[in-house]
Amino acid sequence: MRILVFGAGSLGSLLGGLLARAHDVTLVGRDPHAERVREDGLRVEGEVSAHVEPAAATAVPAERFDLAVVTVKAFDTDAAAAALASVDLDGVLSLQNGLGNEERLADALACPVLAGTCTYGARLRGPGRVDYTGIGEVVLGPPGGGTSSLADRVGTAFDAAGIETTVATDMPRRRWEKLAVNAGINAVTALARVENGALSEGPAGDTARRAAVETAAVARERGIDLSDETAADEVERVADATAANRSSMLQDVDAGDRTEVDAINGAVVERAEEPVPVNETLTALLRAWERERGLR
Ligand SMILES: NC(=O)C1=CN([C@@H]2O[C@H](COP(=O)(O)OP(=O)(O)OC[C@H]3O[C@@H](n4cnc5c(N)ncnc54)[C@H](OP(=O)(O)O)[C@@H]3O)[C@@H](O)[C@H]2O)C=CC1
Ligand SMILES: CC(C)(CO)C(=O)C(=O)O
């Protein structure tokens, strides 16, 4: 398959690197990373070590691709959609966290868009080098649920590259379940400046579970079958399984960068029909921090 990875930061470089073992991959990212990948290839280190040689650029080349995988942060989705609008593609797969990404891509693009969730862990260590920090799973499928030949084709291509992949017929529920986990873990760890494992017990854990339970209630308002127990249990399970992780939002705050709060807790607040005070508070606090730093 000819695959374009749009957003060659941490996750895009890891997945692009793994995909390059079996496919013709082009990474679109920033210099000096893109330049180093062109000159010396991409080194993946950690759970798997690999040295691969995908193409790399800072803008989308005027070529045909079978698939574009979007791995920019949620606040860059509109820019990704604009950059992909003139590309000849069979389909696009978003592996971003948060809600609304597939919809914004689908509004701008003529080809089908697949939804995805990803639990692989990745960290761009420096130009040309990405750390593979956690083995996970990619789950993908049509955003409204059901089956599609594109989803099957992409699932087969990811499998061929050794990426643990499930083609799912219930993406709406899976998106909301992942949202509940991110709504619970990310903002709380970012504000409390603690690793995920700190949520297993104590007041920060209660806040995380309450944010996830509110998210489940909003999911049910929208016809998604997600119970309070499942949402709270998932927060605990993921916090335990990733105890030593600094969540992606905590990493953003550590680095003084903008967070994905709008697409995570903010998306819950925006869609809620009943009050969601925990998500409202988490959203307001992170937005205040971003405003103070001139990030929004
Ligand atoms: N990292 C992880 O382990 C995981 C991440 N995710 C999700 O994946 C998404 C990406 O996360 P992550 O990889 O950590 O983020 P990163 O910020 O590391 O990667 C995104 C990259 O895309 C670049 N980019 C943005 N816009 C453009 C553009 N127009 N042209 C070229 N490059 C561009 C960014 O550059 P710049 O910063 O200079 O704009 C950045 O290097 C998020 O939604 C995240 O929640 C999901 C699971 C795991
Ligand atoms: C699952 C979790 C919470 C792992 O840290 C994550 O997705 C993130 O940090 O964004």
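Everything numeric here is computed off the predicted structure, so don't read it as measured data. Both counts, for ligands and for their atoms, begin at 1 and track the order of listing. In what follows, residues are counted from 1 in the order of the sequence shown.
- Of all atoms in ligand 1, numbered sequentially from 1 with element shown, those under 4.0 Å from a heavy atom of Cys118 are 47 (C).
- The pair Lys73-Asp262 fails the salt-bridge criterion, with no side-chain N (NZ, NE, NH1 or NH2) lying under 4.0 Å from an Asp/Glu carboxylate O.
- With respect to the salt-bridge test (charged N to carboxylate O, under 4.0 angstrom), the residues Glu290 and Arg287 do not qualify.
- Counting atoms of ligand 1 from 1 in the listed order, those under 4.0 Å from a heavy atom of Gln96 are 43 (O).
- Glu236 and Ser200 share no side-chain donor-acceptor pair at under 3.5 Å.
- Protein heavy atom at the shortest distance from atom 10 (C) of ligand 1 is Thr71 O, 3.2 Å.
- Across the listed options Asn186, Ile264, Asp252, Asn186 owns the non-hydrogen atom lying nearest to atom 3 (C) of ligand 2.
- Every atom of ligand 1 is numbered from 1 in the order shown, and the set under 4.0 Å from a heavy atom of Gly121 is 3 (O).
- Less than 4.0 angstrom separates atom 37 (O) of ligand 1 from none of the non-hydrogen atoms of the protein.
- Proximity of Asn97 to ligand 2, defined as any heavy-atom pair under 4.0 Å, is confined to the side chain (atoms from C-beta onward).
- The distance from ligand 2 to the heavy atoms of Asn245 drops below 4.0 Å at these ligand atoms: 4 (C), 5 (O).
- In terms of N/O distances under 3.5 Å, ligand 1 is not approached by Gly12.
- Every atom of ligand 2 is numbered from 1 in the order shown, and the set under 4.0 Å from a heavy atom of Ser247 is 5 (O), 9 (O).
- Shown in contact with Phe6 at under 4.0 Å from a heavy atom are these atoms of ligand 1, numbered in order with element: 28 (C), 29 (N), 30 (N).
- Near Gly29, with a cut-off below 4.0 Å to any heavy atom, the atoms of ligand 1 are 31 (C), 32 (N).
- Those atoms of ligand 1 with a heavy atom of Glu260 less than 4.0 angstrom away are 42 (C), 43 (O), 44 (C), 45 (O).
- With Leu199, Thr117, Thr242, Asn196 as candidates, the residue nearest to atom 5 (O) of ligand 2 on a non-hydrogen basis is Asn196.
- Salt-bridge annotation for Glu102 and Arg175: present, with a side-chain N of the basic residue lying under 4.0 Å from a carboxylate O of the acidic one.
- Atom 1 (N) of ligand 1 has Ala122 O, 3.4 Å as its closest protein atom, hydrogens excluded (heavy atom only).
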